[in-house]
Structure formats: structure tokens, C-alpha cells
Colleague: 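Take this structure, written in C-alpha cells, and hold onto it; I'll ask about it next.
Chain A is the first sequence line, chain B the second, and so forth, proteins listed ahead of strands; every chain is numbered from 1. Here the structure is a predicted model, which is why all the values come from computation and not from measurement.
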Amino acid sequence: MEEIKIGVYVCWCGTNIAKMVDVDQVVDQIKFLPDVAVARNYKYMCSDPGQDMIIRDIKQHHLNRVVVAACSPRIHELTFRKALAKAGLNPMMFQMANIREQVAWVHTDREKATKKAVSLVHAAINRVKWHESLDKRTIEVNPATLVIGGGVAGMSAALEIANAGKQVYLVEKSKKLGGYAAQLDLTFPHFYSARQLIKPMIRHVEDHKNIRIFKPMQINQIFGYMGNFQSTLQLANGDETKLKFGNIIVATGLQPFDPSEITSYNYGKLPDVVTSLEFEKMLAKGRIETCEGKEPKNVAIIHCVGSRNANYHEYCSRTCCMTALKFANQIRSALPESNIFDLYADMRSFGKGCEELYTQTSRKNVIFLRFDQQNGLPEIRSTNGEEAVSMLIEFTEQFSKEQVEVPADLVILMVAMESHADAKDISHIAGISMCGNSFFIEKHPKLDPVATTSDGVFIVGTCQAPKDIPDSISQAKAAAARVLATIHVGTIEVDVITATVNEDICCGCQTCVSVCPYKAISFNKEKGVSEVNEILCKGCGTCGSTCPTGAIRSRHFTDQQILSQIQGLLSPDNKFEKM
Amino acid sequence: MAERNERPKIKLAVYWGAACGGCCVSVLDVHEKLFDVVANADLVFWPIALDIKYNDVEAMPDQDIDVTLFNGAIRNSENKHMARLLRQKTKILVAYGSCAHLGGIPGLANLSTKTEIFDRIYKESESTNNPNHTRPLEKYEVKEGTLTLPEFFNDVRTLAQTVDVDYYLPGCPPQTERLLEVFMAIVSGDELPPRGKVLGATDKSQCDECPRKKSDKKTIKEFHRPWEINDDGETCFLEQGVLCMGPATRSGCGHRCIEVNAPCRGCYGPAPDVIDPGAKMMSSVATMIDGDTSETIEKILENVIDPAGYFYRFSMPASILRRKIPENLQAQAPLQK
Ligand SMILES: Cc1cc2nc3c(=O)[nH]c(=O)nc-3n(C[C@H](O)[C@H](O)[C@H](O)COP(=O)(O)OP(=O)(O)OC[C@H]3O[C@@H](n4cnc5c(N)ncnc54)[C@H](O)[C@@H]3O)c2cc1C
Ligand code: SF4
Ligand code: SF4
Ligand code: SF4
Ligand code: SF4
Ligand code: SF4
Ligand code: SF4
């Protein structure tokens with residue numbers, strides 16, 4: 001084996017790292033470790049001069065491994081890997097120690113912080129010794145796209161891609177396209193008619209020569225990997241269709257929260273307590289009325305029903321405040337004489353034109369009353385016909401701190417938006433993860449909001465989080481652009497940080513087969529061993545930790561690499577011996 | 001046979017450290033093949049069978065013994081002394097059996113410290129009757145002179161953690177046929193495998209040869225002990241919810257436990273690249289557990305009786321966990337070879 005020569009570079013990150021970590025001392029402590037050929041510190045390792053320093057050293061000192069102690073690998077691992085490649089070294093012969101986020105930014109004792117930095121660098125040095133060269137591989141992209149969900153988000157994505165001349169398969173679970181947007185009357189903040197926005201869009205989708213619609217239809221399984229997915233659909237007439245596609249856009253939306261579990265609102269028991277969606281339907285029919293068909297004299301709107309409350313959903317559902325204002329305006333136009341009470345917890349009017357809508361609404365004789373969910377929820381009770389009004393809502397008003405009673409003939413509950421009941425199934429089928437609230441997780445919440453950790457799978461619209469129509473459409477078009485870009489390039493590079501099976505050791509126990517979340521492993525009956533499809537494999541490591549014989553190696557995350565790293569972290573001399 | 005007889009006989013020693021005696025008996029189990037052994041080897045030291053004293057071994061020239069089969073673990077200073085002495089006197093030192101290989105059954109004592117073990121034995125156990133609080137002493141003066149006992153170490157070590165080992169012959173005890181094969185290979189004078197190798201076992205694990213039917217349906221809703229199931233005699237034990245160490249254990253024993261409808265306990269040790277077989281098997285079993293809330297998972301796990309004793313039955317001293325460190329030493333650097 002060739003002699004290992006490691007270059008170690010400790011970054012100051014300006015003063016970011018240097019003020020909490022004694023970078024000179026770090027270098028002094030690690031430079032005598034076995035196999036360390038060069039050790040330096042520098043003000044900005046990621047800068048051109050910093051990278052050039054590494055490149056020069058690789059050439060001059062024949063380095064074959066590099067460790068940079070700096071910021072998070074999420075930020076600059078790629079930068080330094082590229083520098084290695086420039087110097088002719090395989091980019092995987094690199095390891096980063098995070099001494100900024102994990103040390104400088106979180107500690108206050110310089111001496112201890114320096115000690116921790118030394119341990120982390122030591123761990124990285126230990127690990128990099130076991131690194132192996134890995135190559136990238138190129139595969140072709142199928143130009144068709146599967147869109148799951150035919151709401152505004154799914155339709156917008158489909159149209160964008162179809163208009164660019166590429167085939168789209170649109171799968172909708174229900175009988176109709178349009179999703180929730182098709183069930184609305186007017187839209188905030190400009191009061192455009194939802195029907196006039198959505199109808200032409202649906203027609204356009206239905207007539208498009210590049211869009212093939214399957215509805216009502218559900219996808220049960222998707223095989224394959226970015227660029228080469230496939231699925232079989234069971235048609236209503238009993239036939240099957242096999243679809244092949246290169247990318248997937250998931251646009252399955254969300255669903256309104258069922259408020260019957262909040263007892264104080266008596267939803268389901270008091271017939272004139274309705275949800276926002278039921279009220280939209282009432283508006284679309286053109287008449288606001290109580291269950292007895294009378295015009296309500298007093299209308300109350302209650303915000304945050306099931307939102308921003310640890311008992312139901314902790315998050316804000318984002319669209320209900322503005323929908324409530326929209327309702328207040330629509331009620332005011334239809335029933336000029338009515339009393340409108342808006343019971344809110346906080347008014348969230350952040351969107352473009354939304355704060356203006358709030359101001360405008362407050363001039364229309366709408367009575368805004370604030371409650372605090374911490375002090376209990378408002379109680380809606382029936383007057384049992386003993387008073388002129390059919391219901392009373394009792395709560396503590398936040399500003400006056402007084403217990404108040406609001407009369408109501410109709411109560412609209414602004415119900416939370418929660419993840420779709422199908423979300424879990426879809427997450428398995430498409431290989432995407434769910435957050436604690438069961439919405440799909442984006443690849444990076446800031447830098448990559450429509451991609452997912454599964455390459456070639458994108459999430460758009462409200463399946464990712466509650467949002468309004470323009471935000472849903474923006475995401476849809478962003479994802480369409482991403483898809484079109486991969487189709488345009490035609491090929492993609494796949495990482496080879498994959499798992500491999502050592503056939504000489506695999507005993508055929510098949511424990512690994514069912515654990516792979518990407519269905520990359522299959523059992524070869526003839527050979528009696530399991531096999532990993534390296535294009536499907538995402539290198540998640542699950543099979544590596546499952547395989548009891550050690551036949552599976554998770555490349556770049558081998559037991560040896562991880563244990564050496566831990567060993568470097570804990571104690572410089574304690575060896576994990578092979579038995 | 002004749003040709004072999006012309007070759008000078010090799011000098012063979014068999015020694016036990018912290019052992020149960022089973023390994024020595026397994027050597028005797030060669031039965032009539034013992035004649036083959038004796039035809040090819042002079043037994044120069046074998047405490048279970050021959051009256052040869054430590055002094056006699058000390059008097060031998062260095063490297064005089066060709067092969068030593070060392071069974072048993074290193075529990076005390078006597079074991080360690082003999083390991084070093086035999087290393088010095090032997091050309092090929094073989095760690096014979098699970099105890100020498102991985103620490104074996106005595107190695108499970110590493111879950112307790114020396115103090116805890118002594119407290120249990122000399123103070124707390126149900127059958128202890130020790131009103132004078134007597135404890136073993138390493139030295140005791142009597143008028144005839146000084147009496148000594150070996151020092152009981154805090155933890156059990158493997159042979160390889162004590163001296164350099166040439167080969168390993170795993171098993172509790174090793175399958176006698178394997179011993180014969182290895183022995184014959186050594187005496188035949190053929191080129192020997194590279195040092196440090198495990199002999200008498202394959203690189204694959206038990207499931208490879210195991211005749212039971214296995215599939216990818218290794219999901220466990222409930223763990224059972226072997227007697228709790230209505231074993232169909234055909235289906236993989238794991239798939240019936242019975243822990244079987246087979247997948248994490250080298251084959252070579254002829255799956256002799258499974259043959260008699262008992263799951264493998266792992267005495268042949270891990271496959272070649274595995275650093276810690278207990279951890280590997282636990283990690284693997286963890287993925288088989290079929291429960292999605294922590295409560296259900298905990299409930300399922302309750303039925304894994306004595307997990308440390310199960311997963312590390314033969315390998316605690318050789319594992320990453322290795323041993324419990326006495327409290328007063330916990331902050332210090334780990335013990336070295
Ligand atoms: C009462 C109410 C009022 C609103 N008012 C406004 C407003 O005034 N202005 C505004 O901008 N926004 C408003 N919104 C928000 C707006 O409705 C959403 O932003 C929009 O509907 C999101 O579209 P989407 O395509 O992401 O999801 P959805 O509309 O939920 O569409 C998802 C589609 O996917 C389908 N689907 C689900 N699961 C599957 C599956 N497994 N396979 C195939 N298909 C599946 C569904 O059937 C549905 O057709 C309001 C929402 C509500 C509830
Ligand atoms: S948008 Fe308004 S009503 Fe809806 S959850 Fe957020 S704060 Fe509550
Ligand atoms: S590492 Fe293993 S489990 Fe993970 S994707 Fe690859 S094959 Fe599947
Ligand atoms: S878990 Fe390991 S040994 Fe078992 S079949 Fe899979 S690769 Fe082979
Ligand atoms: S390996 Fe087993 S048979 Fe051999 S000495 Fe140890 S406990 Fe006894
Ligand atoms: S786990 Fe045990 S019973 Fe199952 S195949 Fe492997 S050795 Fe046989
Ligand atoms: S089946 Fe397992 S426990 Fe039994 S002898 Fe073989 S290796 Fe040892």
C-alpha cells in the first residue's frame with residue numbers, strides 16, 4: 001500500500017473560528033501525528049489563496065489525503081473536494097472537521113474549545129486514512145414526467161413542462177381536477193373569482209396534447225431511480241398501463257382539520273357552526289344562511305381552529321387569517337346590516353396586498369376581538385331559543401382582560417390545514433421523508449425548497465406546508481424548471497457513495513432486502529447472495545447497519561472509517577482490533 | 001501414511017488458561033484418530049493428560065515447541081505468565097476455542113468489575129457463609145514460608161490481547177474434525193495460510209450452509225425462547241422470532257446446534273471483516289423489530305432476555321465494549337495490551 005501523506009489545514013474563518021480556537025495550538029498538537037505530512041493554519045481556507053495552498057502542497061509534498069478544519073461540510077465540502085480534483089487527487093480523499101458551528105460558535109471557554117477542536121481534527125485525520133477513491137457515474141434521463149395530484153400546484157407544473165414540449169403523466173385521485181382551489185368562491189386579497197382562475201386552467205390541462213391525465217387513479221408503487229422511474233397503473237377497465245418517466249413531481253396537497261375534536265366549539269352538535277371550507281361552498285352557492293334558511297344577524301369567525309395549539313397542530317396554517325378577512329368582506333357585502341365578529345389570536349397578514357386587506361376590512365365595521373389560546377379556547381353554546389340569538393361565544397378578551405359574550409347565529413371555524421391522509425403512503429411510494437407534522441421535507445429548507453433527498457423527486461404546493469395559491473404555483477413552476485433542466489442536460493451524474501455486497505462473505509440471510517427504503521437490494525437466488533443496484537442506492541447506510549456478516553460495505557461510511565473517527569475523538573491510542 | 005511417518009514428529013503442546021476443560025476434551029474427542037496425531041506429534045505438555053510441570057516448560061529452549069493449542073482466556077496472572085512463556089517456547093501459537101479467541105464464556109465476567117465479582121462471591125451470594133470476611137490474598141506468610149495465589153485481574157482478556165497469536169481455531173469447543181484438518185495441514189508441511197487467520201472455519205456465516213428455509217421476511221413482532229415456539233423444524237429461527245446468532249457467526253461447525261433444532265449462539269465468532277459481532281447482530285436485529293412506536297418496540301424488546309449475555313455470549317472481551325472499568329479508573333486512559 002502506498003504511504004499515507006495527509007495535509008491538515010486549520011481555518012481561522014476570519015475571526016469566526018480564531019477568536020474561540022487557538023488555531024496555532026491545534027496545528028502544533030496534530031502535526032506530529034503519524035502520517036501527517038503538512039499542517040498549516042490560514043485566515044480563509046475557502047478563498048482562492050487558501051485552495052491554492054492545498055493544491056500546491058498536494059503537488060509539492062505528494063499528499064494523498066487532505067483534512068480541512070473549518071466550517072460545516074454542508075457549506076464547503078464540495079469546494080475543497082473540487083480543489084483536490086484540480087490537483088489530480090480523487091475528491092473523496094478528503095475529510096472536513098467542523099470547528100466553527102460545532103466548536104467556535106457554541107463555546108465560551110477558549111481552552112476547552114481548542115481541546116475539542118484538536119479532538120475533532122484528530123478524528124478527521126484518523127478517518128481520512130481509511131478513505132478510498134470513488135468515481136462518479138453518468139446515466140440518461142427519461143424526458144417524461146409524472147405529476148401526482150391535480151390541484152393548482154400539480155396542474156401548473158404539468159402545464160409548464162407540457163408547454164416546453166415534454167410529455168407529462170398527471171395522476172389525480174379524485175374524479176375532478178382543481179383540488180381545493182376549485183372549491184373556493186373568491187380569493188384573497190384581490191377577490192378574483194376562483195372559478196374564473198381555475199376553470200380555464202383545467203380546460204387547458206385537459207386539452208393539452210402533451211398531458212395524459214389519469215383520473216380517478218392512484219399510484220401504488222414506483223420503481224427505479226432518478227432519470228429512470230417506472231410504474232404500472234391499474235385502469236378502470238381492468239387493463240394495466242406501464243409508464244416510464246425521469247422525474248416525479250408530488251403535488252398531493254393537504255386537508256382541512258376536523259374540528260369536532262375541539263369540544264368547546266361543539267362542531268357537529270350545533271348545526272350553525274361551520275368550517276371555512278363549508279362556508280366557501282355556501283358562498284359559491286350564492287346565499288349566506290343558517291341551517292333554517294334564515295339570514296344570520298350575527299356572524300362570528302374564529303381563527304386558529306386546530307392551529308398554533310400544542311394539542312392539535314403547533315404550526316400556523318398560514319392562509320386562514322386572510323381567508324377570514326375575505327369572508328368578513330364577503331359577508332359585509334351580502335349582509336350590510338349584520339354584526340360581524342372576528343375572534344382572532346394573532347392577525348397574520350404577511351402576503352403581498354394582505355396587510356392592506358386587513359386595514360380595508362377594519363374600516364368595514366367588523367369587530368375584531370382577540371383571545372389567547374393559552375387562556376383556554378372560546379366556548380360556543382346554544383341559547384336553546386331563550387334569546388334572540390341562537391348561540392353565545394364566551395371568552396376572555398385579551399386587551400381588556402374582560403370576560404365577554406359574543407352573540408352569533410352563524411359561526412365560521414377557520415380550521416387548520418393538515419397533511420393529507422395519503423401523505424404517509426405517498427412518502428413510501430415516492431421515497432420522500434415527512435416532518436413531525438407529516439408534511440413532506442424539502443432537500444434544504446433554505447437553499448433547495450422544492451427538491452427532496454430523493455433525486456428526481458420534487459414536492460410542490462401544500463403537500464410541503466400550508467400556503468396560498470400564488471406560493472403553490474411558484475413552487476410548481478420552480479420544480480418544472482428543475483425538471484426541464486435535467487431533461488435538457490439529458491444525463492445526470494450519480495454519486496457512488498453506495499453500498500456494495502461482498503459476495504464472498506454474504507450468507508444470503510436476506511435481512512438487508514426489506515430494509516432498503518429505495519428498494520435497491522434484491523436477492524439473487526442462483527448465487528445465494530444479495531445484490532445492490534448501485535444506481536438505485538442512495539447510500540443511506542441502512543443495509544450496512546443491518547447486514548450481520550459485514551458483507552455490505554457502505555462506501556465512504558465503512559465501519560472502519562467510523563470507528564477510527566470515534567477512536568480519534570475519544571483516545572489517540574485505543575485501537576479497535578479486528579478479531 | 002508411511003511417508004508422513006518418515007518426517008520428524010512435531011512437538012505439540014496443549015494448555016488451558018481460564019477454561020472449562022471442554023476444549024481439552026475436544027482434543028481427546030479425536031478418538032481413534034488420536035493415533036494419527038500421536039503418529040505425527042509428540043505431546044510435550046498437556047496438563048489435563050500428562051504430568052509435565054511448568055518448570056519443565058521453562059527449561060525448554062525457545063521456539064522448541066512446534067505448535068501450542070492454547071485454550072481458555074486470560075483471567076489471572078498465571079494465565080498471562082503461561083501465555084507469555086508458551087509464546088516464547090512455541091513456533092505456532094494457536095488460540096484454540098472461543099475463550100482464547102474472543103474471551104468466551106468467562107469473558108462475560110467483564111460485565112462486572114473485580115470488586116463486584118469478589119463482593120458477590122465472598123459476601124453477597126445466597127450460599128456465602130463467610131463470617132470472617134475472608135478474601136483471597138495473593139501472598140500469605142506461614143511459618144513454612146510464603147504462600148501465593150495468582151493475581152485476579154479486573155477483566156478477562158483474549159489470548160491475542162496478551163501475546164501475539166499465529167492462528168485462531170474458533171468454537172466452544174472447536175469441532176474436532178476441524179482440529180484434525182488443521183493439524184494435518186500443519187504436519188503435512190504444506191504452505192501455511194497467512195498469520196493471523198482464522199482456521200477451521202469458512203469466511204461465510206452459518207446461514208449460508210444452514211438447511212433451514214429463509215426469506216426476506218425477517219420481521220419480528222415478538223421474541224420467543226426456543227421452547228416457547230412450535231418449531232416446524234424447517235423455517236429459519238429468526239423468522240419464527242427466535243434469536244439465532246447464525247447470520248453473524250462463521251460457519252465451520254457444521255451448524256451443529258441448528259442440526260439439533262437449537263439456534264446458533266455464535267461460538268465460532270464473527271465473519272472476517274466484523275469488528276464487533278455483538279454490535280453487528282444487535283444492529284441487525286434492531287432493523288427486524290416490527291413496531292413503530294417506542295412503546296411497542298420496548299415491549300418487543302422486553303422479551304430479549306439478557307441481551308448482553310446473548311449477543312456477546314462469546315465475545316465480550318474482544319468487543320468494543322470490552323469490560324467494565326473500575327470506578328476509580330474510569331477517567332484514565334484505556335488499558336493497553
Ligand atoms: C377554505 C379555504 C380557503 C382558501 N382561500 C384561498 C384564497 O382565497 N387564496 C389563496 O391563494 N389560497 C386560498 N386557499 C389555499 C389554496 O386552496 C391552496 O393554496 C391550494 O389549493 C393548494 O393547491 P395544491 O395543488 O397544493 O393542493 P390541493 O388543492 O389540495 O390539490 C391536491 C390534489 O391532489 C390530489 N391528490 C391527493 N392525494 C393524491 C394521491 N394519493 N394521488 C393522486 N392525487 C392525489 C387531490 O385530490 C387534489 O386534487 C384556501 C384554502 C382553503 C381550504
Ligand atoms: S393564518 Fe391566522 S388563523 Fe390561520 S393559523 Fe395562522 S394565525 Fe391562525
Ligand atoms: S445504502 Fe443500502 S439501504 Fe441505503 S439505499 Fe443503498 S442499498 Fe438501500
Ligand atoms: S444482510 Fe448481509 S449477509 Fe445477509 S443477505 Fe444481505 S448482504 Fe448478505
Ligand atoms: S471455548 Fe468453550 S469449551 Fe473451550 S474452554 Fe472455553 S468454554 Fe470451554
Ligand atoms: S438465522 Fe439461524 S436459522 Fe436462520 S438461516 Fe441463519 S443460521 Fe439458519
Ligand atoms: S451452531 Fe453456532 S453455537 Fe452452535 S457450534 Fe456452531 S457456531 Fe457454535
Colleague: Relative to chain B, which of A/N502, A/V515, A/D504 shows the most heavy atom pairs under 4.5 Å?
Modeller: A/D504
Colleague: Is A/K519 atom NZ crowded by more than 12 heavy atoms from other residues, nucleotides or ligands, each under 6.0 Å away?
Modeller: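 For A/K519, atom NZ is crowded (more than 12 foreign heavy atoms under 6.0 Å).
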Colleague: Identify whether the distance between the nearest side-chain nitrogen and carboxylate oxygen of B/K280 and A/D559 falls below 4.0 Å.
Modeller: yes
Colleague: Compare all side-chain heavy atoms of B/P272 with those of A/I505 and state whether any distance is below 4.5 angstrom.
Modeller: yes
Colleague: If you count every heavy atom of other residues, nucleotides or ligands that lies below 6.0 Å from B/R84 atom CZ, does the total exceed 12?
Modeller: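 No, because the 6.0 Å sphere around CZ of B/R84 holds 12 heavy atoms or fewer from other groups.
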Colleague: Go through the atoms of A/C547 and report whether side chain, backbone, both or neither lie under 4.5 Å from a heavy atom of chain B.
Modeller: backbone
Colleague: As an exercise: rank A/T558, A/T511, A/V513 by heavy-atom pairs under 4.5 Å with chain B and give me the winner.
Modeller: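 The residue among A/T558, A/T511, A/V513 with the greatest pair count is A/T511.
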Colleague: Quick one: of A/G528, A/S545, A/C512, who has the most non-hydrogen atom pairs under 4.5 Å with chain B?
Modeller: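 Most heavy-atom pairs within the cutoff with chain B belong to A/S545.
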Colleague: Please step through side chain to side chain contact (heavy atoms under 4.5 Å, CB included) for the pair A/L563 and B/I275, ending with a clear verdict.
Modeller: CA-CA 9 Å; A/L563 289 173; B/I275 294 167; 3.4 Å; yes
Colleague: Nearest 0.5 Å, please: how far is CZ in A/R553 from CG in B/D273?
Modeller: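 Reported value, rounded in 0.5 Å steps: 7.5 Å.
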Colleague: Can you name the one residue among B/K214, B/E239, B/K217 that meets side-chain contact (heavy atoms from CB on, under 4.5 Å) with A/Q510?
Modeller: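 Answer to the side-chain contact (heavy atoms from CB on, under 4.5 Å) test with A/Q510 among B/K214, B/E239, B/K217: B/K214.
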Colleague: Look up atom SG in A/C506 and atom NZ in B/K204, then write down how far apart they are to the nearest 0.5 Å.
Modeller: 6.0 Å
Colleague: Once you round to the nearest 0.5 Å, how far does CE of B/M281 lie from OG1 of A/T549?
Modeller: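 So the gap between those two atoms works out to 10.5 Å.
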